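From a predicted model like this one, the values you see are computed outputs, not experimental measurements. By convention in this document, chain letters (A, B, ...) are assigned in the order of the sequence lines, proteins followed by strands, and residues within each chain are numbered from 1.
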Protein chains: 2
Amino acid sequence: MSKNTVNPKNVSDLASLFDALSDPTRILIIHALLEGEVGVGELVEHLGLTKSAVSHQLRGLRDKRIIRTRKQGRNVFVSIDDEHVVDLFQRGLDHILHG
Amino acid sequence: MSKNTVNPKNVSDLASLFDALSDPTRILIIHALLEGEVGVGELVEHLGLTKSAVSHQLRGLRDKRIIRTRKQGRNVFVSIDDEHVVDLFQRGLDHILHG
DNA sequence: CAAATAGTTGAGCAACTATTCAACTATTTA
DNA sequence: TAAATAGTTGAATAGTTGCTCAACTATTTG
């Protein structure tokens, strides 16, 4: 029973959650996924980075269970796995736009 | 008039906003400020870091207008300047705690 | 099976970050 | 005014991060 809601584990988890949204490339990836599933190839084209760079970022987001990937043939499709993160994203965006 | 709400400036602003919350030390600072104004000395004691480390972090948060500082004699008191960030913080915390 | 295509992985690197240390400023107190 | 106290600043540093490159795996197509 933790008396205080903010024990060391929670602190690092919380930092890690926000860290997932703390980089422009990841912001663009999540933004692209807001409307639904997107292929890795599309992301690569849209972001203008190498496949490798995108793949590395996707792995980080998948490790944090923020996205999910599905393989179909030789293509991989990416979608949001954590709707709470979408909520944070939208609120953050609201804040910087009309805030 | 930007057609898309996510132009490059918005992307980097949004990443920067979440970046403010992406580090354990800053999480602890903001958490400590949730109940109201706190002195820098108290923060130093509470965080177990040097005055310098805390001061550097406070400067970063102040530059982003997330906190405000007030000097009284030789003490400096810190408080939240951006309530939207409190909202993001609370939602993030809710998320990692229950769900 | 060979070639082409889609994506992943690990190494390496340049840029960035969080912290400490030492020196500094500002304020109070003896 | 000298000493003590509270905090800031800039340089140095250890560790992290985001990217590219080259090599790899997996799948499809000729």
Side-chain angles (χ1 to χ4, degrees), chain A residues 6 8 11-33 37-81 85, chain B residues 8 11-33 37-81:
Chain A
V6 180
V11 169
S12 90
D13 285 356
L14 192 48
S16 168
L17 170 63
F18 288 118
D19 190 54
L21 297 163
S22 72
D23 170 80
T25 296
R26 291 190 293 274
I27 289 287
L28 288 171
I29 289 172
I30 291 168
H31 181 252
L33 297 176
E37 196 177 57
V38 174
V40 170
E42 271 183 88
L43 286 175
V44 168
E45 234 187 292
H46 181 241
L47 296 172
L49 291 176
T50 61
K51 294 191 286 187
S52 179
V54 174
S55 185
H56 280 303
Q57 290 290 5
L58 293 177
R59 182 162 52 137
L61 291 169
R62 201 177 42 223
D63 287 351
K64 292 184 178 180
R65 316 220 175 249
I66 285 168
I67 62 168
R68 176 188 337 191
T69 56
R70 168 178 78 82
K71 191 167 181 178
Q72 182 179 315
R74 54 189 164 191
N75 300 305
V76 171
F77 295 92
V78 188
S79 57
I80 297 280
D81 193 27
V85 167
Chain B
V11 169
S12 91
D13 284 356
L14 191 49
S16 168
L17 170 64
F18 287 118
D19 190 55
L21 297 163
S22 72
D23 169 81
T25 296
R26 290 190 293 273
I27 289 288
L28 287 171
I29 290 173
I30 291 167
H31 182 252
L33 297 176
E37 196 177 57
V38 174
V40 170
E42 269 183 89
L43 286 175
V44 168
E45 234 187 292
H46 182 242
L47 297 172
L49 291 176
T50 61
K51 294 191 285 187
S52 179
V54 174
S55 185
H56 280 303
Q57 290 290 4
L58 292 177
R59 183 164 50 136
L61 291 170
R62 201 176 42 223
D63 288 350
K64 291 184 179 181
R65 315 220 176 250
I66 285 168
I67 61 167
R68 177 187 338 192
T69 56
R70 168 175 79 82
K71 189 167 183 180
Q72 183 180 315
R74 55 190 163 191
N75 300 305
V76 170
F77 295 93
V78 187
S79 57
I80 296 280
D81 193 28

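Atom OG1 of Thr50(B) sits about 7.5 Å away from atom NE2 of His56(B), to the nearest 0.5 Å.
Which of dG18(D), dT8(C), dT27(D) sits closest to the side chain of Asp23(A) comes down to dG18(D). Closest contact between the side chain of Asn75(B) and the listed nucleotides dT27(D), dT19(C), dA6(D) involves dA6(D). Here the nucleotide nearest the side chain of Lys71(B), chosen from dA26(C), dT28(D), dT8(D), is dA26(C). Here the side chain of Leu49(B) is nearest to one of dT9(D), dT19(C), dT8(C), namely dT19(C).
Of the N and O atoms on the side chains of Asp13(A) and Ser16(A), not one donor lies less than 3.5 Å from an acceptor on the other residue.
Side-chain nitrogen and oxygen atoms of Ser55(A) include none within less than 4.0 Å of the OP1 or OP2 phosphate oxygen of dT9(C). In terms of phosphate contacts, Gln57(A) brings a side-chain nitrogen or oxygen within less than 4.0 Å of OP1 or OP2 of dC19(D). Put simply, Arg59(A) has no side-chain N or O that comes within less than 4.0 Å of OP1 or OP2 on dG7(C). A close approach under 4.0 Å does not occur between any side-chain nitrogen or oxygen of Arg74(B) and OP1 or OP2 of dT29(C).
Between Glu45(A) atom CD and dA6(C) atom C1' there is a gap of 13 Å when expressed in whole angstrom units. In this structure, Leu61(B) places its CG atom 16 Å from P of dG7(D), rounding to the nearest Å. For the pair Leu43(B) CG and dT19(C) P, the computed distance is 13 Å after rounding to whole Å. Rounding to whole angstrom units, CG of residue Leu28(B) and P of dA18(C) are separated by 14 Å. Distance Lys51(A) NZ to dT5(C) P: 10 Å, rounded to the nearest Å. Following rounding to the nearest Å, Leu47(A) (CG) and dT20(D) (P) show an atom-to-atom distance of 11 Å. Here the C1' atom of nucleotide dG7(C) and the CZ atom of Arg70(A) are 15 Å apart, to the nearest Å. One atom, CG of Asp19(A), and another, P of dC16(C), lie 16 Å apart when rounded to the nearest Å.
Of the two residues contacting DNA chain D, namely Gly73(A) and Ala53(B), the nearest-nucleotide position lying further toward the 5' end is that of Ala53(B).
The shortest side-chain heavy-atom distance between Val85(A) and Ile80(A) does not fall under the 4.5 Å cut-off.
When the options Val38(A), Leu33(A), Ile29(A) are evaluated for a side-chain contact (heavy atoms from CB on, under 4.5 Å) with Val78(A), the one that passes is Leu33(A).
Looking at Thr50(A), its side chain has no donor and acceptor atom pair within 3.5 Å of the base of dC19(D). Judged by distance alone, with hydrogens and angles left aside, Ser52(B) brings a side-chain donor or acceptor within reach of the base of dT9(D), the pair sitting under 3.5 Å. Residue-to-nucleotide contacts include no donor-acceptor pair under 3.5 Å from the side chain of His56(B) to the base of dG7(D).
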Does the pair Leu43(B) and Leu58(B) meet the rule for a side chain to side chain contact (heavy atoms under 4.5 Å, CB included), with working shown?
CA-CA 10 Å; Leu43(B) 286 175; Leu58(B) 292 177; 4.1 Å; yes

